[in-house]
Amino acid sequence: MNIKFYNTLTRQKENFNPIKSGEVSIYTCGPTVYDRSHIGNFRTFLFEDILKRILQLVGYKVKHVMNITDVDDKTIKKANDESKTLAEITSKYTAEFMEDLAMLKILPADEFPVATNHIQEMIVMISTLIKNGNAYTTDNGSVFFSIESYKDYGKLAQLDLKGLKQTERVSSDEYTKDHPQDFALWKAWKEEDGDVSWDSPWGKGRPGWHMECSVMSTQYLGNHFDIHCGGVDNIFPHHENEIAQSCAALNTQFVNIWMHSEHLIMADEKMSKSLGNIKTIPELLADGHSNESLRFALISSHYRSKLAFSNNKLEDAKKSVHRINELYHKLQKIADAGNTMPDEFDQFIEILVDDLNTPKALGVLFNYVRKLNRKIDNDKLSKKEASIGLNFLNKADIILSILKKQDDIPENIVQLVTQRESARKEKNWKLSDDLREELKKKGWIVEDLPDGTKCYPL
Ligand code: AMP
Ligand code: ZN
């Protein structure tokens with residue numbers, strides 16, 4: 001199968017051939033746990049989920065590592081603002097992140113390394129960089145990377161460094177592409193850091209954010225691995241600096257393919273905590289959206305296009321999720337056994353392995369849904385065709401994960417369905433109808449079939 005991914009490093013689609021046959025190693029930059037992650041962050045985490053699911057579906061064993069940034073400028077500031085310890089802040093938001101991942105049915109990574117467990121390895125990498133002449137210490141006990149010392153600096157972000165006079169250096173983790181500067185590998189302790197510090201050969205301090213990912217990626221995946229992902233805002237300075245540090249310290253090729261998802265935007269602006277225009281998963285669920293609709297809304301655009309988030313987008317997603325689920329349940333009633341796949345399934349996969357073109361693949365799927373619905377409406381769908389349709393929907397759902405199967409139904413919904421079944425047995429039609437209405441309000445449809453009541457999302 002010809003798999004192609006767009007590599008940010010070369011700005012072109014490339015044939016994908018993993019380093020080890022049959023296995024793919026992926027590092028994805030995880031959350032900075034100083035606040036609840038927003039749906040912009042989850043757009044990126046979902047693009048990575050789709051990438052991983054496709055690779056698995058076509059037969060690769062995937063080793064996926066996602067770090068947790070539990071020490072950086074933002075986490076320390078939050079702990080200070082709330083007069084809490086760093087661990088209190090980061091454990092709370094890590095737990096919430098894990099809940100949201102599960103809610104969006106994002107497959108968990110094989111490893112979730114946390115930065116504060118890897119400080120010694122970071123000190124080793126920084127020492128190597130000093131030894132190799134790529135880094136220098138300052139009088140106050142900080143260590144900086146010298147961008148002049150690394151000839152490929154600026155390649156990923158396509159910076160033109162000619163004529164750059166390197167007179168400044170930057171301590172904060174985030175800064176813009178317009179100001180490429182020597183950046184901090186180790187930050188000497190300052191009063192605002194409170195009790196957050198580790199001993200090092202340069203004195204008390206803490207690592208820079210970029211160093212964290214250089215160390216954790218190579219510790220878990222080796223010095224040379226297949227794919228590194230993040231959102232486009234990670235290209236500079238985070239990933240540019242990661243490349244400089246890892247390649248200079250380890251004398252390695254580091255990463256073969258860099259993949260970045262475009263931003264989710266709200267009213268023309270990037271969704272971000274600093275702009276305050278964020279929506280979280282619990283907020284949207286409380287507004288009555290299902291996790292499948294959220295998932296669909298976030299994966300239905302191409303990962304390299306901006307995704308404009310709106311209520312209309314969510315309403316459309318809800319309708320699409322309903323159409324697929326409705327057909328799925330109709331097919332279950334008609335189908336007999338069989339494992340034949342329709343030709344459309346091959347198209348669906350071919351489109352996805354061509355740089356994850358989810359909107360085009362969904363187009364194929366929905367044309368197919370339309371075709372089958374037409375046949376069902378005309379009473380022309382055979383048992384065999386229904387089973388082929390079911391196979392397609394089940395396989396597509398390994399990637400999309402938007403089907404509500406009977407065993408995915410939440411406990412409160414199961415309870416309402418059971419109450420309704422009892423009401424029907426007692427011929428209490430009024431209560432039964434009221435419960436049907438209540439289920440409808442919660443986004444569920446019930447159907448009374450000879451083998452019992454079935455329930456699926458509206
Ligand atoms: P953070 O928790 O800020 O470190 O971000 C986690 C991930 O979310 C990173 O890969 C970011 O690039 C990504 N990200 C942040 N904001 C957005 C957004 N509005 N749309 C898509 N991805 C984003
Ligand atoms: Zn990172």
Side-chain angles (χ1 to χ4, degrees), residues 8 26-51 64-75 77-78 89-90 93-94 96-98 100-101 104 106 109 111-115 118 122 156-157 173-174 183 207-221 225 227-246 254-255 258-281 297-299 301-309 313:
T8 309
I26 305 180
Y27 185 84
T28 57
C29 284
T32 309
V33 280
Y34 75 107
D35 211 339
R36 190 147 202 149
S37 296
H38 54 74
I39 52 160
N41 301 130
F42 283 104
R43 191 219 176 165
T44 293
F45 300 134
L46 272 167
F47 130 70
E48 295 158 351
D49 186 55
I50 297 291
L51 168 69
H64 174 206
V65 176
M66 175 184 278
N67 73 297
I68 303 286
T69 300
D70 66 341
V71 58
D72 79 324
D73 300 348
K74 292 191 273 196
T75 43
K77 181 170 183 311
K78 182 75 174 237
I89 291 293
T90 58
Y93 292 114
T94 304
E96 291 183 357
F97 174 70
M98 295 299 169
D100 291 349
L101 276 190
L104 287 179
I106 293 177
E111 305 275 357
F112 286 103
V114 295
H118 294 82
M122 296 177 204
L156 182 74
D173 290 327
E174 290 178 87
F183 58 90
W209 170 40
H210 319 298
M211 180 46 63
E212 299 180 9
C213 282
S214 271
V215 163
M216 288 186 274
S217 58
T218 51
Q219 285 277 314
Y220 288 84
L221 296 174
F225 58 92
I227 304 177
H228 194 313
C229 305
V232 285
D233 55 315
N234 285 155
I235 298 174
F236 189 87
H238 189 47
H239 291 164
E240 189 70 61
N241 293 354
E242 258 193 71
I243 295 177
Q245 297 162 155
S246 307
F254 189 33
V255 170
W258 288 88
M259 294 176 74
H260 294 98
S261 73
E262 251 301 346
H263 282 145
L264 179 143
I265 52 169
M266 282 273 260
D268 291 338
E269 279 189 311
K270 175 192 169 194
M271 181 174 281
S272 74
K273 289 166 202 167
S274 54
L275 289 174
N277 58 352
I278 63 169
K279 287 270 181 200
T280 64
I281 305 298
L298 296 174
I299 63 178
S301 301
H302 194 282
Y303 78 95
R304 284 196 291 116
S305 308
K306 285 194 173 51
L307 187 157
F309 190 75
K313 182 112 204 146

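Whatever order the structure lists them in is the order used to number ligands and atoms, beginning at 1.
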Considering all heavy atoms, the nearest Ala308-Lys313 contact |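 In this case the closest contact between Ala308 and Lys313 is O-CD, 3.5 Å.
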Looking only at heavy atoms, what is the nearest atom pair of Thr44 and Gly231, with distance?
->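 In terms of heavy atoms, the two residues are closest at CG2-N, 3.6 Å.
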If we only count heavy atoms from C-beta on, is the Val65 to Met216 side-chain gap below 4.5 Å?
->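 Counting from C-beta outward, Val65 and Met216 never come under 4.5 Å.
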Any side-chain donor paired with an acceptor under 3.5 Å for His64 and Glu48?
->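 His64 vs Glu48: no donor-acceptor pair found between side chains.
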Does the side chain of Asp233 pick up a donor-acceptor pair with the side chain of His263 at under 3.5 Å?
->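 Yes - a donor-acceptor pair under 3.5 Å links their side chains.
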Within the stated cut-off of 2.8 Å, is an N/O/S atom of His210 closer than that to the Zn ion (ligand 2)?
->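 No N, O or S atom of His210 is closer than 2.8 Å to the Zn ion (ligand 2), so no.
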Specify whether an N/O/S atom of His238 falls short of 2.8 Å from the Zn ion (ligand 2).
->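 Within the cut-off used here (under 2.8 Å), His238 does place an N, O or S atom near the Zn ion (ligand 2).
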Taking the six-membered ring for Trp, are His210 and Phe183 parallel (under 30°), tilted (30 to 60°) or perpendicular (over 60°)?
->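 Ring orientation of His210 relative to Phe183: perpendicular.
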Hey, can you tell me if Phe42 and Phe97 have their rings parallel, tilted or perpendicular (30° and 60° cut-offs)?
->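 Taking Phe97 first and then Phe42, their aromatic rings lie parallel (interplane angle under 30°).
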Sub-3.5 Å pairs, protein N or O with ligand 1 N or O:
from, atom 1, to, atom 2, distance (Å)
ligand 1, 2 (O), Thr32, N, 3.0
ligand 1, 4 (O), Thr32, OG1, 2.8
ligand 1, 5 (O), Asn41, ND2, 3.3
ligand 1, 8 (O), Asn41, ND2, 3.0
ligand 1, 10 (O), Gly231, N, 3.2
ligand 1, 10 (O), Asn234, OD1, 2.9
ligand 1, 12 (O), Gly231, N, 3.1
ligand 1, 12 (O), Asp233, OD1, 2.5
ligand 1, 12 (O), Asp233, OD2, 3.4
ligand 1, 12 (O), Asn234, OD1, 3.3
ligand 1, 19 (N), Leu264, O, 3.1
ligand 1, 19 (N), Met271, O, 2.9
ligand 1, 20 (N), Gly40, O, 3.3
ligand 1, 20 (N), Leu264, N, 2.8
ligand 1, 22 (N), Gly40, O, 3.0
ligand 1, 22 (N), Thr44, OG1, 2.7

Angle in degrees, rounded to 10°, that SG of Cys213 and SG of Cys29 form at the Zn ion (ligand 2) |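 Value returned, to the nearest 10°, is 130°.
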